[in-house]
Structures are given as structure tokens and as C-alpha cells.
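Below is one structure, written out as C-alpha cells; comments come after it.
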Number of protein chains: 2
Amino acid sequence: MSCTRELFQRHHLRCTKQRMAIYEALRDSHSHPTAEALFNMVKPNTDRLSLATVYNTLDALCEAGLVRKLPTTNGCCRFDADTSHHLHVRCLESGEIMDVPEELGSQLVDRLPAEVLAQIEKAMNVKIDRVQVQIMARTDTTR
Amino acid sequence: MSCTRELFQRHHLRCTKQRMAIYEALRDSHSHPTAEALFNMVKPNTDRLSLATVYNTLDALCEAGLVRKLPTTNGCCRFDADTSHHLHVRCLESGEIMDVPEELGSQLVDRLPAEVLAQIEKAMNVKIDRVQVQIMARTDTTR
DNA sequence: GTACGTGCAAAATGTTTGCATCATT
DNA sequence: AATGATGCAAACATTTTGCACGTAC
């Protein structure tokens with residue numbers, strides 16, 4: 001669908017076929033891919049594409065707020081085109097990142113008390129951008 | 001202090017001077033240093049030390065559960081010798097990681113409802129190891 | 001037409017590995 | 001004495017950069 005074009009224009013991003021393909025692949029993916037995984041997903045359907053462009057594009061999209069870089073512990077970045085507040089489960093074995101279903105996640109996030117966040121801002125002299133909750137877990141082998 | 005030796009022995013870790021120096025520097029640091037920062041902190045007081053040893057040691061300490069690797073978004077790992085439950089503020093500008101004062105952090109973490117966590121375990125078929133709350137923030141320039 | 005995006009290859013950065021030597025147990 | 005840790009340098013993986021060319025506006 002072509003509302004990507006309008007979305008890009010609203011954010012003053014040039015609508016190149018590479019950028020659109022990268023963004024749409026990330027948006028439609030549920031796997032929070034790495035830059036390289038994304039490159040491999042998009043490359044077959046795009047006649048000219050280099051990995052450097054994937055990095056440049058992801059950078060531009062982050063800058064524009066359309067994409068988020070997710071924190072990882074293995075030195076290799078993962079990306080998410082869903083910038084709404086939602087929780088992640090990080091598999092300690094594989095490094096894979098999965099979304100927690102909206103209705104469960106919001107039950108956790110909604111109970112974070114705003115006044116405590118305000119106190120943290122005051123105590124640490126920062127402006128909170130957002131709170132990211134990550135659940136570290138292993139695949140359950142007991143069931 | 002030398003309880004590091006006993007701590008290591010309890011975890012079946014060899015007590016080399018490099019390992020002890022690295023661990024103690026990390027434990028006494030409040031800056032959640034990168035491997036290289038740690039190397040620079042420890043090197044001057046240790047006659048033989050290489051960066052590879054810092055990586056190997058941090059790996060062994062993580063394995064033993066004495067140290068934790070923190071998630072970051074810039075592909076460069078940071079470490080923490082405080083493995084108790086506590087919150088981090090990540091500076092979006094510098095990548096720096098700061099601890100949230102214990103009494104404030106526990107006000108957030110203690111309100112995470114256990115039954116929701118149990119539901120997440122069931123729904124996603126995982127065993128939760130721990131919940132990590134990261135606050136993304138900027139240095140407050142309005143004050 | 002101009003400004004910006006792209007591909008490619010090279011460089012920079014962060015981390016891991018192989019191997020001979022050395023230290024701890 | 002045996003096992004495992006160390007230093008060093010080389011390999012590796014991920015990300016960034018410089019530059020000539022191409023494309024969107």
C-alpha cells in the first residue's frame with residue numbers, strides 16, 4: 001500500500017524505492033530483524049540495494065521517529081517499526097525479541113505510577129522520553 | 001578487600017590478579033563501563049593486562065552470575081557488577097547508564113503484578129528470568 | 001538543476017580466537 | 001604436575017564513511 005509515501009512526505013523523507021521497501025518490510029515483520037536480516041528480506045525484491053543503504057535508511061527512520069532501535073546485549077542492533085508502547089520478551093538463549101500481546105503488556109505498563117517517574121526526573125535531573133520494559137526469559141522446557 | 005578471593009572460590013573461578021582487579025574495579029564503579037573503559041581503569045595498576053583478558057573475564061563473571069551485561073543500542077556492551085534488581089536510566093544522547101536510587105526504583109518494580117507476569121509466561125511459553133526496566137531519557141535542559 | 005540518496009569498497013569499531021607462555025590450584 | 005588463564009596478534013562481525021554516480025523534488 002502506498003500510504004508509506006504520504007507518511008514519508010509528512011516526515012520530510014525522500015521516497016526512494018529502497019527506503020520504502022525497507023520500511024514496509026520492517027513494518028510487516030514480527031521478528032525485530034537485524035540490519036542484515038532486513039537486507040536479506042528486502043534484497044530479492046529490489047533490484048539495487050546495498051547493506052549500507054539499509055543502515056542509512058534505518059538511521060534516518062529512527063531520526064524521524066518512525067522506527068526504534070532496540071537495546072540488545074550481543075552487540076548487534078535490532079529494529080522495530082512499531083513505536084507504540086509495548087513490552088518485549090528477550091530470549092536469553094537466542095537473543096530473539098518477541099512482542100508481549102498488547103492486552104497483557106498494558107496491564108504492566110499502565111500500573112507504572114506517573115508520580116514516581118516524575119520523582120525520578122527530579123532526582124536525576126533528566127527528561128524521561130519513555131520507559132522500556134524488557135522481560136528476560138528462556139524458552140520453557142518444563143512443559 | 002580480599003573477600004573477592006572467597007567470592008571467586010565459591011563460584012569456582014580462579015583467583016588471578018587480573019580477574020580480581022577487573023571485578024573490583026567494576027564493583028566499585030558507578031558508571032557501568034564498557035570493556036575498554038574498564039581496561040583503561042584497571043591497566044595502570046596492573047602490570048600485565050590485555051583487553052582480551054578483560055573480555056574473557058567479564059564473560060566468565062557473567063557466566064558465574066557475578067556480573068551482568070546491560071542491553072544497549074549502540075552495539076557496544078556495558079557491564080554492571082550489581083546484580084540486584086534495580087532500574088537504569090539510559091541517556092539518549094551519550095549512551096551513559098545511571099542507576100535509579102533504590103527507594104525510587106523499587107516503588108516502580110514492586111508494583112509489577114506477579115499474576116500478569118505468570119500470564120505472560122503461559123501465553124508466550126517462556127520462563128521469566130527477570131524484568132528489566134530501562135528509562136530512556138535526555139539530560140534536562142529546562143532547569 | 002540541486003540536494004540528497006545510493007552502491008561499492010575501504011575503514012573504523014567492538015569482540016573473539018589460536019597459540020605459546022605463565023600462574024593457580 | 002595439570003589445568004586453566006594470559007598476552008599478543010590476527011580474525012571476525014557489525015557499523016560507518018568517502019566518493020562517484022543516480023534519482024527525487
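Just so we're on the same page: letters track the sequence lines, and every chain starts at 1. Just so it is clear, the model here is predicted, and its values are computed rather than measured.
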Taking salt bridge (Lys or Arg N to Asp or Glu O under 4.0 Å) as the test, write out the residues that go with B:R138, two or more places apart.
A:D129
Answer yes or no: is there a side-chain heavy-atom contact under 4.5 Å between B:P71 and A:M136?
yes
I need the CZ-C1' distance between A:F39 and D:dT15, as an integer number of Å.
14 Å
Is B:L70 reachable from B:L92 through a run of I, L, V, M, F, W or Y residues, each pair having side-chain heavy atoms under 4.5 Å apart?
no
Would you list the pairs meeting ring pair (Phe, Tyr, Trp, His ring centres under 6.0 Å) in which at least one residue belongs to residues 99-134 of chain B, sequence neighbours left out?
none
Please table the atom pairs, donor to acceptor, closer than 3.5 Å between any side-chain atom in residues 75-86 of chain A and protein atoms at least two apart or in another chain.
unit_1: A:R78; atom_1: NH1; unit_2: A:H32; atom_2: O; d: 2.8
unit_1: A:D80; atom_1: OD1; unit_2: A:D82; atom_2: N; d: 2.8
unit_1: A:D80; atom_1: OD2; unit_2: A:H32; atom_2: ND1; d: 3.4
unit_1: A:D80; atom_1: OD2; unit_2: A:H86; atom_2: NE2; d: 3.1
unit_1: A:D80; atom_1: OD2; unit_2: A:H88; atom_2: NE2; d: 3.2
unit_1: A:D82; atom_1: OD1; unit_2: A:S84; atom_2: N; d: 3.0
unit_1: A:D82; atom_1: OD1; unit_2: A:S84; atom_2: OG; d: 2.7
unit_1: A:H86; atom_1: ND1; unit_2: A:S84; atom_2: O; d: 2.8
unit_1: A:H86; atom_1: NE2; unit_2: A:H88; atom_2: NE2; d: 3.0
unit_1: A:H86; atom_1: NE2; unit_2: A:D99; atom_2: OD1; d: 3.2

Protein-nucleotide distance (A:Q18, atom CD; C:dT6, atom C1'), rounded to Å
6 Å
Anything under 3.5 Å between a donor and an acceptor, one on a side chain of residues 37-48 of chain B, the other on a protein residue two or more places apart or in another chain? List them.
unit_1: B:N40; atom_1: ND2; unit_2: B:E36; atom_2: O; d: 3.3
unit_1: B:K43; atom_1: NZ; unit_2: B:L49; atom_2: O; d: 3.2
unit_1: B:T46; atom_1: OG1; unit_2: B:V42; atom_2: O; d: 3.0

Would a 4.5 Å heavy-atom cut-off, applied to side chains only, mark A:R90 and A:T73 as touching?
yes
Separation of C:dA23 atom P from B:F8 atom CZ, nearest Å, is 18 Å
Any pair counted as ring pair (Phe, Tyr, Trp, His ring centres under 6.0 Å), so long as it reaches residues 111-135 of chain B, sequence neighbours left out:
none
With sequence neighbours excluded, residues passing salt bridge (Lys or Arg N to Asp or Glu O under 4.0 Å) with B:K127
B:E121
Going by heavy atoms closer than 4.0 Å, what residues in residues 49-61 of chain B are next to DNA chain D?
B:L49, B:S50, B:A52, B:T53, B:T57
Protein-proximity profile, nucleotides 20-25 of chain D, B/S/- by nucleotide at the 4.0 Å heavy-atom cutoff, equals ---BBS
Residue-level proximity of residues 67-80 of chain B to DNA chain C when a heavy atom falls under 4.0 Å:
B:G75, B:C76, B:C77
Heavy-atom nearest nucleotide on DNA chain D for B:K43 versus B:R19: which residue maps closer to 5'?
B:R19
Inter-axis angle, terminal five-pair segments of the helix from C:dG1-D:dC25 to C:dT25-D:dA1 [nearest 10°]:
40°
Heavy-atom side-chain contact between A:V131 and B:L108 under 4.5 Å:
no
Pairs under 3.5 angstrom only: tabulate donor-acceptor contacts from the side chains of residues 50-61 of chain A to other protein residues two or more places apart or in another chain.
unit_1: A:S50; atom_1: OG; unit_2: A:A52; atom_2: N; d: 3.4
unit_1: A:S50; atom_1: OG; unit_2: A:T53; atom_2: N; d: 3.4
unit_1: A:S50; atom_1: OG; unit_2: A:T53; atom_2: OG1; d: 3.4
unit_1: A:N56; atom_1: ND2; unit_2: A:A52; atom_2: O; d: 3.3
unit_1: A:T57; atom_1: OG1; unit_2: A:T53; atom_2: O; d: 2.8

Whole angstroms only, please: what is the CD-C1' distance between A:E63 and C:dG5?
16 Å
The side chain to side chain donor-acceptor pair (under 3.5 Å) partners of A:S106 (sequence neighbours excluded) come to none
Could you report the tightest heavy-atom contact between A:H11 and A:A64, atom names first, then the distance?
CD2-O, 3.5 Å
